[in-house]
2 protein chains.
Amino acid sequence: MENTCPLNYGLEVFGDRWSLLVIRDIAFWGKKTFGEFLRSNERPATNILAGRLARLEKNGFIVKRTDEKDKRKEIYSLTEKGLDLIPMLMEIGAWAAKYDPRQPEEFKQFVTMVRADQQRLTAHFIDKVRNGGAIFADAVGRQSGDGPIE
Amino acid sequence: MENTCPLNYGLEVFGDRWSLLVIRDIAFWGKKTFGEFLRSNERPATNILAGRLARLEKNGFIVKRTDEKDKRKEIYSLTEKGLDLIPMLMEIGAWAAKYDPRQPEEFKQFVTMVRADQQRLTAHFIDKVRNGGAIFADAVGRQSGDGPIE
DNA sequence: ATTATTTACTTGTTTTTTGCAAGTATGCTA
DNA sequence: TAGCATACTTGCAAAAAACAAGTAAATAAT
C-alpha cells in the first residue's frame with residue numbers, strides 16, 4: 001500500500017466481493033459458520049472462502065472461536081472494525097434499492113426508513129449485530145429472496 | 001446474476017477496485033480523461049483501465065464525449081447512477097478515517113463535518129460533481145497526499 | 001464399539017483475470 | 001511535415017479464481 005488514499009486503503013483490506021459477502025452474511029443474515037457462508041446464494045468455492053476468512057481474521061474484521069456445543073464448528077463474528085462496515089454496506093443497499101429493478105418495494109421502504117433517521121438507526125443495527133443478532137432478524141434459515149424485513 | 005441480493009448486485013456491477021477508483025477520481029479529484037486516470041497514485045495498466053471505462057459506460061455509470069477543444073481527448077463524467085455512488089464512497093472514507101492510522105487529522109475532521117449534517121452535505125457534494133466540480137476542490141493537479149480540503 | 005456423516009478445511013488442476021511491455025491510430029504542435 | 005500527445009489495442013507471462021477431490025477431527029447412528 002504505497003499511498004494514503006482512504007478509499008484505496010479500504011478496497012485493499014476488505015474490498016473484494018467474497019470478503020464483503022461474508023460480512024454481509026454475518027451482519028444481515030446472522031450467519032456464523034463456514035458451512036453457512038458456503039451455502040449462501042452466491043456459492044463461494046471452499047478454498048476461496050477459507051482464504052477470505054483467514055484474511056478477514058488477520059486484518060481484524062472478524063474473530064473465530066470454537067463452538068463449545070459442537071467442537072467441529074468455528075463461530076465467526078464481527079469485531080468493532082468489522083461492525084463499522086455496516087453503514088457502508090447499507091449505502092450499497094440503498095444504491096441498489098434505487099437502481100436494481102429487481103429489488104422489491106419492501107426493501108425500498110426499508111431503505112427509506114433507514115434514511116429518515118440515519119444515524120440513530122445505524123447505531124441500533126450495529127448494536128444488534130454486536131450482541132449476536134442480525135439486521136434482517138436473527139434467522140439464518142431465511143433466504144435472501146424472502147425479503148429483508150421480519 | 002442469479003439472485004437478487006442488493007449488495008451482490010452492486011458488487012457485480014461496480015464493485016471492483018479499479019472501477020471504484022475511477023469513480024473516486026472523477027468525484028473527489030475532478031479527473032476527466034484517460035490520461036488523468038492513468039496518472040493516479042495507483043497506476044492502473046492501460047488495458048485494465050480501458051476495460052473498466054468501457055464496462056462503467058456500458059453499465060451506465062459514466063458517459064464519454066469527445067473534447068471539442070482537443071479532439072484527441074475523451075471527457076468522462078458521471079451519470080446520475082454514478083453520482084449516487086458518492087454516499088457509499090464517503091462511507092468507505094469515513095471507515096478508513098477511523099481505522100487507517102495514516103489518515104491525517106485534517107481528513108478526520110472532514111468526515112466529522114460530513115457526519116454532522118449528513119444528508120444536506122451529501123446532496124451538496126453530488127450537486128457539485130454533477131456541475132463539473134469535484135468534492136476535494138476542482139483541482140486535478142492536486143495529489144491525494146496533499147490533503148482533502150481546499 | 002464401529003461405521004457413517006458432518007464440518008472445516010487442503011491440495012491439485014484448469015480456467016479466467018490481471019499486469020506488463022509493446023504497438024497503433026488519430027489529432028495537435030512546432 | 002515531423003514530432004509528440006492521447007486513447008486506446010494486442011500478445012504474453014504471472015497471479016488469482018473456480019472446480020473437483022481429498023483429509024482430519026468431531027458428532028450421530030447402528
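Convention: sequence-line order gives letters A, B, ...; per-chain numbering from 1. Everything quoted here is computed from the prediction, not taken from an experiment. Worth knowing before you read on, the calculation uses all heavy atoms, side chains too, and leaves out hydrogens, waters and symmetry mates.
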Original post:
What's the closest nucleotide to the B:Arg39 side chain, out of D:dT6, D:dA18, C:dT7?
Top reply: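 For B:Arg39, the side-chain atoms sit closest to D:dT6.
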For a quick test of reading the model, state the closest non-hydrogen atom pair linking [X] to [Y] and the distance between them.
| X | Y | answer |
| --- | --- | --- |
| B:Leu38 | B:Pro44 | CD2-O, 3.3 Å |
| A:Ala96 | B:Tyr9 | CB-CD2, 4.1 Å |
| A:Gln118 | B:Gln118 | OE1-OE1, 4.0 Å |

Original post:
Would one find a side-chain N or O of A:Lys32 under 4.0 angstrom from OP1 or OP2 of C:dA8?
Top reply: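 Answer no for this pair, as no side-chain N or O of A:Lys32 is under 4.0 Å from OP1 or OP2.
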Original post:
Going by heavy atoms in the side chains, are A:Ile92 and B:Phe14 under 4.5 Å from each other?
Top reply: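 In contact.
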Can you check the [X] [atom1] to [N] [atom2] distance for me, whole Å?
| X | N | atom1 | atom2 | answer |
| --- | --- | --- | --- | --- |
| A:Arg17 | C:dT17 | CZ | P | 12 Å |
| B:Glu42 | C:dT18 | CD | P | 16 Å |
| B:Phe34 | D:dA7 | CZ | P | 7 Å |
| B:Arg52 | C:dT17 | CZ | C1' | 9 Å |
| B:Leu49 | D:dC8 | CG | P | 8 Å |
| A:Asp67 | C:dT6 | CG | P | 17 Å |
| A:Trp18 | C:dC9 | CH2 | P | 17 Å |
| A:Asp16 | C:dT18 | CG | C1' | 15 Å |

Original post:
Within 45 degrees of the axis of the six-membered ring of B:Phe61 and under 6.0 Å from its centre: does B:Lys81 put its NZ or CZ there?
Top reply: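 Yes, a cation-pi geometry holds between B:Lys81 and B:Phe61.
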Below 3.5 Å between N/O atoms, which protein atoms pair up with nucleotides 19-24 of chain D? Just atom names and distances, please.
residue : atom : partner : partner atom : Å
D:dC19  : N4   : A:Asn47 : ND2          : 2.7

Subject >> With B:Trp95, the side-chain contact (heavy atoms from CB on, under 4.5 Å) member among A:Val13, A:Leu7, A:Ile86 >> reply: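 Exactly one pass, corresponding to A:Val13.
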Subject >> Residues A:Arg72 and A:Asp70 bridged, charged N to O under 4.0 Å >> reply: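 Yes, A:Arg72 and A:Asp70 are salt-bridged.
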Original post:
Going through the distances and angles, do A:Met90 and A:Thr122 end up as a side-chain contact (heavy atoms from CB on, under 4.5 Å)?
Top reply: CA-CA 9 Å; A:Met90 297 210 300; A:Thr122 296; 3.4 Å; yes
Original post:
Out of A:Arg120, A:Gln119, A:Arg115, which one pairs with A:Asp117 under the side chain to side chain donor-acceptor pair (under 3.5 Å) rule?
Top reply: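 When A:Arg120, A:Gln119, A:Arg115 are each tested with A:Asp117, the side chain to side chain donor-acceptor pair (under 3.5 Å) holds only for A:Arg120.
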Subject >> Near-strand residues of residues 68-79 of chain A, defined as heavy-atom separation under 4.0 angstrom from DNA chain C >> reply: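 Of all residues in residues 68-79 of chain A, the ones placing a heavy atom under 4.0 Å from DNA chain C are A:Arg72, A:Lys73, A:Glu74, A:Tyr76.
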